[in-house]
Amino acid sequence: MKSLGKNTVFALVDCNNFYASCERVFDPRLEGKPVVVLSNNDGCVVARSNEAKALGIKMGVPVFQIARLIHTRGVQVFSSNYALYGDMSRRVMQTLSRFTPEIEIYSIDEAFLDLTGFHRIDLNDYGRNIRSTARQWTGIPVSVGIARTKTLAKIANRIAKKSLKTGGVLDLTDSPHLSRALEITDISDVWGVGSRYAKFLKQHRIVNALRLRDADDAFIRKRMGVWGTRLLHELRGISCYPLESGPPARKGITVSRSFRHPVQDLSDLEEAVATFVSTGAKKLRKQRSAAEVLMVFASTNRFEPDHFYFNLHTVALPVPTSDTPELIHHALEGLRRIYRKGYRYKKAGILFKGLVSARPIQMGLFDPRNRRRSERLMQTIDRINDRMGPKTLTYAAAGLHPSAPWKTVFKRRSPAYTTDWNRLPRVS
DNA sequence: TCTGGGGTCCTAGGACCC
DNA sequence: TCTGGGGTCCTAGGACCC
């Protein structure tokens, strides 16, 4: 059942402060304390507990800028622990899928539930049930917003999260409070309205979601395109974005990292790029794709514009492929073309584009490789790494030095509580 | 000293063809 | 002086999301 049009009902379930909440589940001493989680290389704040938000710590702020605050207010700081968050996300989603067969996992911490046709039940009760079950089974607090469209469900969810008296659940389906809810929603908090459009709309006195809902169609169409028109419909309760079932195959795959320390030598850059390629190639194979185009880029520190250097090289691959050594070969050739001696590189990455289905394998007329053999080899390597850990088999080109200057560090990472036998929490 | 990473969709404009 | 029209495909860049 794909819900489009009128009388649809969507619930948006969103985990509160997801990464910070995950850390708390296994370390109850963190309850009530400000907690933040950092990006790669412990660079920026990417998640905050309510207590951390109350201290004025902003999303995305570089951690060195709040060093004093962290120290004086006893903020608990964690590196990102993707193994933990990924596994906790899976548990939450599994729990949610007991409440409807129609679920769309929208991001690591959000899911849309299609509740169209759930007429006979009290949706607020149902939402409260979802919330308490998720909390009890996974330890993660969630908020639930229910409405006629995804955009309105987002708005309901936001209010549910912020306003204590909702108890974390708000149903705006045919609600007399709908207009009021739209009125108290700042235009910049509407799903799909970013900083640029928010500024533009405010200049035209469209300061909240209610004003946008009642805005002139032609004006919005002209200034915000077809996408703006869809947004108007969604705010008016006409669903334009149906529930998406399976995740669509990616149209491109990117792997890029900032380096812990600046890199000057080509050989270090080569190791980094070879590593990124092997990560990306594994993603390609996982979704059974092959790439027609490979791009490789490197850049210096973007915060030092005086000696900034960025360059990108594009390779049209002779045959679509997901073969790691072949991709490494082309990536390194591209890298050597853009490398300029004397720069302090701070970031590099690779992109795979023009993704096509891996099978049937397209044979090149003068293709020197034995595709069938290389495919079996890749399968074997992937299987071993899935079983024994991601770095069990790697390529020599990716380097062997664990402390190479380009490598990402996570100095304050919590244990992999749920995905490593040796890290299971003990109950005493 | 220290500043994340990976996506999507839409549109405008250029290249090219008939 | 004067300089077709329309279609397709591709790409770069803008805007947004988590």
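In what follows, chains are A, B, ... by sequence order, proteins preceding strands, each numbered from 1.
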Both A:Thr254 and A:Met59 contact DNA chain B. Which one's nearest nucleotide lies toward the 5' end?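 Its nearest nucleotide lies further toward 5', so the answer is A:Met59.
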
Given DNA chain B, 5'-ward residue of the pair A:Gly225 and A:Thr408, judged by closest heavy atom: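 That would be A:Thr408.
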
Under 4.0 Å, counting only non-hydrogen atoms across every strand here, what does [X] touch: a base, just sugar-phosphate, or nothing?
X        : answer
A:Val190 : sugar-phosphate
A:Val63  : nothing
A:Asp109 : sugar-phosphate
A:Val61  : nothing
A:Gly349 : nothing

Just compare [options] and give me whichever is closest to any side-chain atom of [X].
X        : options               : result
A:Val46  : B:dG4, B:dC10, B:dG7  : B:dG4
A:Arg250 : B:dG5, B:dT3, B:dG7   : B:dG7
A:Phe64  : B:dG5, B:dT3, C:dC16  : B:dT3
A:Glu110 : B:dG6, B:dT8, C:dC18  : C:dC18
A:Trp227 : B:dC10, B:dG5, B:dT3  : B:dC10
A:Val226 : B:dT8, C:dA15, B:dT11 : B:dT11
A:Trp191 : B:dC10, B:dG6, C:dC18 : C:dC18
A:Asn301 : B:dC10, B:dT3, B:dG4  : B:dT3
A:Tyr106 : C:dC18, C:dA15, B:dC2 : C:dC18
A:Ser39  : B:dC2, B:dG4, B:dC9   : B:dG4

What is the distance, to the nearest angstrom, from the [atom1] atom on [X] to the [atom2] atom on [N]?
X        : N      : atom1 : atom2 : value
A:Ile108 : B:dG5  : CD1   : P     : 16 Å
A:Lys150 : B:dC9  : NZ    : P     : 12 Å
A:Leu12  : C:dC17 : CG    : P     : 14 Å
A:Ile253 : B:dT8  : CD1   : C1'   : 14 Å
A:Arg412 : B:dG4  : CZ    : P     : 16 Å
A:Leu351 : B:dT8  : CG    : C1'   : 14 Å
A:Met224 : B:dC10 : CE    : P     : 13 Å
A:Phe259 : B:dG5  : CZ    : C1'   : 14 Å

Kindly say if [X] contacts the phosphate of [N], meaning a side-chain N or O under 4.0 Å from OP1 or OP2.
X        : N      : result
A:Lys347 : B:dG5  : yes
A:Ser256 : B:dG5  : no
A:Arg223 : B:dC10 : no
A:Lys346 : B:dT3  : yes
A:Arg230 : B:dC10 : yes
A:Lys154 : C:dC17 : no
A:Arg260 : B:dC2  : no
A:Ser80  : B:dG4  : no

For a salt bridge (charged side-chain N to carboxylate O under 4.0 Å, His left out) with A:Asp14, tell me which candidate from A:Lys154, A:Lys161, A:Arg158 qualifies.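 Looking at A:Lys154, A:Lys161, A:Arg158, the match for A:Asp14 under the salt bridge (charged side-chain N to carboxylate O under 4.0 Å, His left out) is A:Lys161.
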
State whether [X] and [Y] are salt-bridged, where the test is any N-O pair (Lys NZ or Arg NE/NH1/NH2 against Asp/Glu carboxylate O) under 4.0 Å.
X        : Y        : result
A:Glu51  : A:Arg24  : yes
A:Glu270 : A:Arg336 : yes
A:Asp386 : A:Lys282 : yes

Residue pair A:Val315 / A:Glu333, side-chain heavy-atom distance below 4.5 Å: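 No. Closest side-chain heavy atoms not under 4.5 Å.
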
Is the shortest side-chain heavy-atom distance between A:Ile206 and A:Asp216 below 4.5 Å?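 A:Ile206 does not reach A:Asp216 side chain to side chain.
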
Heavy atoms only: give me the nearest A:Leu355-A:Arg250 pair and the separation to one decimal.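 So the two residues come closest at CD1-O, 3.5 Å.
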
Taking all atoms of both residues into account, what is the closest heavy-atom pair of A:Gln264 and A:Gly342, and its distance?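 The pair with the smallest heavy-atom distance is NE2-O, 4.2 Å.
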
Can you tell me if A:Phe303 is stacked onto the base of B:dT3, using a 5.5 Å centroid cut-off and an angle below 30°?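 So A:Phe303 counts as stacking on the base.
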
Hey, would you say the A:Tyr345 and A:Phe259 ring centroids sit under 6.0 Å apart?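 Judged by ring-centre distance (under 6.0 Å), A:Tyr345 and A:Phe259 do not meet the cut-off.
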
Just checking A:Phe112 against A:Trp191, ring centres under 6.0 Å apart?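 Yes, ring centres under 6.0 Å apart.
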
When the P atoms of B:dT3 and C:dC18 are considered, how many whole Å apart are they?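 The same atom, P, in both gives a distance of 26 Å.
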
Watson-Crick and G-U pairing of DNA chain B written in dot-bracket, each distance under 3.5 angstrom, with | for inter-strand partners: ....||||||||||||||

